[in-house]
Amino acid sequence: MKITMLSFALFCAVCSFAQQILPEVERATVVDEILEERFNVLLPELMDTAAIDMWLVISREYNEDPVIKTMLPATWLNARRRTILLFYRNKSKNTIEKLAVARYDVGKSIASAWDKEKQPDQWKRLIELIQERNPNKIGLNFSKDHNIADGLDKTDYDEFMSYLPKKMHSKVSSAEQLAVRWIETRTPREMVIYNQLVDITHDIIAEAFSEKVITPGVTTTTEVEWWMRQKVTDLGLETWFHPTVDVQRSSEKLVDHLYSFSGRPDGLTIVPGDLLHCDFGITYLRLNTDCQELAYVLQPEEKQAPKFLVEGLKDGNSVQDFLTNNMIAGRTGNEILAKSLQEAKVAGLRPSIYTHPLGLYGHSAGTTIGMWDAQGGVMKDDGDKYPLNKNTVYAIELNTTITIPEWNRDIRIMLEEAGFYGENGFRYVNGRQTELLLIPRLKNHQGN
């Protein structure tokens with residue numbers, strides 16, 4: 001059989017990640033094991049904390065509630081027809097019931113509780129189950145402030161309320177706190193996996209920002225973006241957003257922050273002396289990464305990046321430190337943001353912080369610590385009151401503006417790394433960038 005050089009190269013690239021990435025059947029086993037642990041161990045705790053003893057998650061096929069998508073077994077890619085999940089927590093007996101008002105069991109964890117031949121009306125069967133248990137509080141997924149907790153559509157809400165006896169209407173409330181905690185909370189096993197996931201992300205970036213992919217004067221930023229996208233596909237993974245690669249160089253002025261994400265020129269050729277920046281994230285085992293790193297393209301006579309860029313990266317790390325040192329349980333995102341920005345500015349830095357929750361979704365639910373266009377804080381009708389909780393993951397996303405006299409301009413040092421906030425405080429999931437990636441990697445003959 002004839003093998004082209006390209007196909008051989010792709011084969012070798014995939015093999016290099018083979019020990020880290022599971023085949024589909026093993027992924028399914030891991031996903032379902034984690035889900036069962038979350039249902040049986042985590043969910044009862046979350047329901048007790050939220051004071052909700054019955055949680056209804058109602059969704060229809062191809063119009064899935066964001067929460068139900070995180071509860072389906074590995075072999076279910078969508079809900080089926082109308083799928084209604086009922087979780088009932090009896091705290092005094094320390095039990096958790098997991099029922100599906102659907103024609104099928106939902107995986108091994110959630111048993112079907114509807115026989116259509118005995119009760120043709122799905123809504124009536126749901127009401128029977130509710131009345132049999134007589135809960136104190138029924139949580140539904142509607143929320144003004146948390147989009148991921150707002151997955152119940154109006155049609156299903158109206159239908160449910162029309163069937164529910166009026167004497168029970170007062171028991172219905174928003175399940176937003178429970179839904180957000182379900183989405184944001186990571187288990188110990190998930191965090192072991194998360195380390196591997198971020199490690200894969202770092203490896204792909206390191207390869208993309210190397211002479212294996214980039215030939216200065218030839219390769220364009222667009223080509224690197226599509227190389228990253230193709231790499232993820234070849235590894236059997238997915239990206240949750242299209243990668244971006246942009247350039248800052250001595251001959252251009254500082255542009256708007258949006259330049260890194262939209263409005264960049266296509267096909268910009270990478271040349272020596274460029275400072276490269278990427279934004280890249282992957283999805284694997286239902287978790288997501290989000291990472292921004294920097295690389296410098298060496299001039300022919302250089303053995304290292306210019307000192308002003310090395311120092312600039314240190315400034316970016318300093319902003320990270322101000323932020324992560326202020327991540328303390330119970331503080332709101334606005335409180336963390338204000339204190340971090342103030343301390344960084346007192347230190348002479350020019351920071352911008354827009355850190356977001358990360359996990360089952362890329363832009364996930366939880367504590368929002370600034371937005372790029374809301375450095376005064378996230379404003380809602382009642383203010384930002386959602387506190388930082390333990391066992392949660394964040395994309396530590398930020399930048400600092402630095403002045404480079406040698407280039408006669410300002411540039412932004414933009415960084416993003418996955419960080420975990422747990423019982424022992426903050427830590428990076430798989431480290432952070434503290435040195436610029438060099439293109440090409442330094443060899444003994446360079447600079448001679």
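Please read all numbers here as calculations on a predicted model, not as lab measurements. Residues: numbered from 1 along the sequence shown.
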(Q) Would you compute the distance between atom CZ of Arg89 and atom CG of Leu178 and round it to the nearest 0.5 angstrom? (A)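 It is 12.0 Å, given to the nearest 0.5 Å.
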Taking [X] for the side chain and [Y] for the main chain, is one N or O donor matched with an acceptor at less than 3.5 Å?
X: Glu64; Y: Tyr62; result: yes
X: Ser59; Y: Ile68; result: no
X: Thr215; Y: Glu211; result: no
X: Trp227; Y: Ile214; result: no
X: Ser143; Y: Asp150; result: no
X: Thr368; Y: His356; result: no
X: Tyr421; Y: Leu388; result: no

Q.
Test ring-ring contact (aromatic ring centres under 6.0 Å, His included) on Phe308 and Trp407; report intermediate values, then the result.
A. CA-CA 10 Å; Phe308 54 80; Trp407 287 5; 5.6 Å; yes
Show the nearest heavy-atom pair for residues [X] and [Y], with the distance to one decimal.
X: Thr201; Y: Phe280; result: CG2-CD2, 3.7 Å
X: Glu184; Y: Gly366; result: OE1-CA, 3.4 Å
X: Pro272; Y: Gln299; result: CB-OE1, 3.5 Å
X: His363; Y: Ile148; result: O-CD1, 3.8 Å
X: Gly370; Y: Leu337; result: CA-CD2, 3.7 Å
X: Ala305; Y: Leu298; result: N-CD2, 4.2 Å

Q: Quick one: do Thr70 and Tyr361 satisfy side-chain contact (heavy atoms from CB on, under 4.5 Å)? Show the steps, please.
A: CA-CA 9 Å; Thr70 70; Tyr361 290 94; 3.9 Å; yes
**Q.** Check against side-chain contact (heavy atoms from CB on, under 4.5 Å), Tyr386 and His146
**A.** CA-CA 10 Å; Tyr386 195 80; His146 299 276; 4.1 Å; yes
Q: Check each of Gln248, Glu293, Gln292 against His277 using the side-chain hydrogen bond (donor to acceptor under 3.5 Å, both in side chains) test, and report the only one that passes.
A: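 Single pass found, and it is Gln292.
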Q: Test Asp410 against Arg350 for salt bridge (charged side-chain N to carboxylate O under 4.0 Å, His left out), laying out the working first.
A: CA-CA 11 Å; Asp410 286 348; Arg350 289 186 281 169; 3.3 Å; yes
**Q.** Passing option when Glu37 is tested against Val41, Leu35, Asn40 for side-chain contact (heavy atoms from CB on, under 4.5 Å)
**A.**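 Testing each of Val41, Leu35, Asn40 against Glu37, the sole residue satisfying side-chain contact (heavy atoms from CB on, under 4.5 Å) is Val41.
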Q | Flag for Thr155-Tyr157: side-chain donor and acceptor within less than 3.5 Å | A |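 Distance-only check fails for Tyr157 and Thr155.
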Q) If we ignore angles and hydrogens, is there a donor and acceptor under 3.5 Å between the side chains of Asn317 and Gln320? A)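 Side chains of Asn317 and Gln320: pair found under 3.5 Å.
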Q. Does Asp274 have any salt bridge (charged side-chain N to carboxylate O under 4.0 Å, His left out) partners at least two apart in sequence or in another chain, and if so, which?
A.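 Asp274 satisfies salt bridge (charged side-chain N to carboxylate O under 4.0 Å, His left out) with Arg249 once adjacent residues are dropped.
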Q) After noting the C-alpha distance and the side-chain angles of Lys108 and Asp32, does the key distance pass the salt bridge (charged side-chain N to carboxylate O under 4.0 Å, His left out) rule? A) CA-CA 8 Å; Lys108 296 179 181 178; Asp32 288 345; over 6 Å; no
Can you confirm whether [X] sits close enough to [Y] that some side-chain heavy atom of one is under 4.5 Å from a side-chain heavy atom of the other?
X: Asp279; Y: Asp246; value: no
X: Leu22; Y: Thr29; value: no
X: Ser174; Y: Phe142; value: yes
X: Ser352; Y: Asn399; value: yes
X: Phe160; Y: Ile84; value: no
X: Arg432; Y: Leu415; value: no
X: Thr219; Y: Val224; value: yes
X: Met327; Y: Thr324; value: yes

Q.
Test side-chain contact (heavy atoms from CB on, under 4.5 Å) on Thr434 and Leu313; report intermediate values, then the result.
A. CA-CA 7 Å; Thr434 57; Leu313 178 55; 5.5 Å; no
**Q.** Derivation and outcome, salt bridge (charged side-chain N to carboxylate O under 4.0 Å, His left out), residues Lys231 and Glu207
**A.** CA-CA 10 Å; Lys231 180 74 173 185; Glu207 187 173 354; 3.2 Å; yes
Q: Report the C-alpha distance between Asp105 and Lys98 in whole Å, list the side-chain angles of each, state the deciding distance to 0.1 Å, and finish with yes or no for salt bridge (charged side-chain N to carboxylate O under 4.0 Å, His left out).
A: CA-CA 10 Å; Asp105 292 342; Lys98 306 177 292 295; over 6 Å; no
Q. Going through the distances and angles, do His202 and Cys291 end up as a side-chain contact (heavy atoms from CB on, under 4.5 Å)?
A. CA-CA 8 Å; His202 285 159; Cys291 188; 3.8 Å; yes
Q) Tyr296 and Glu302: side-chain hydrogen bond (donor to acceptor under 3.5 Å, both in side chains), yes or no, with the steps? A) CA-CA 11 Å; Tyr296 176 72; Glu302 289 180 318; 2.8 Å; yes
Q: Apply the test side-chain hydrogen bond (donor to acceptor under 3.5 Å, both in side chains) to residues Glu190 and Thr187: give CA-CA distance (whole Å), side-chain angles for both, the deciding distance (0.1 Å), then the verdict.
A: CA-CA 5 Å; Glu190 285 178 299; Thr187 65; 3.2 Å; yes
Does a salt bridge link [X] with [Y], judged by any charged N lying under 4.0 Å from a carboxylate O?
X: Glu33; Y: Arg189; value: yes
X: Lys339; Y: Glu343; value: yes
X: Asp156; Y: Arg82; value: yes

(Q) For Asn288 and Thr283: C-alpha separation, side-chain torsions, deciding distance, then whether side-chain hydrogen bond (donor to acceptor under 3.5 Å, both in side chains) applies. (A) CA-CA 5 Å; Asn288 295 273; Thr283 302; 2.5 Å; yes
Take atom [atom1] of [X] as the centre, draw a 6.0 Å sphere, and report whether it contains more than 12 heavy atoms from other residues, nucleotides or ligands.
X: Asp158; atom1: CG; answer: yes
X: Asn408; atom1: CG; answer: no
X: Met191; atom1: CE; answer: yes
X: Glu311; atom1: CD; answer: yes
X: Glu61; atom1: CD; answer: yes

(Q) Working note: Phe39 + Trp182, criterion ring-ring contact (aromatic ring centres under 6.0 Å, His included); need CA distance, chi angles, decisive distance, verdict. (A) CA-CA 10 Å; Phe39 281 140; Trp182 169 264; 5.5 Å; yes
(Q) Students often mix this up, so state it plainly: with edges at 30° and 60°, are the rings of Phe87 and Trp55 parallel, tilted or perpendicular? (A)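 Tilted: the ring planes of Phe87 and Trp55 meet at 30° to 60°.
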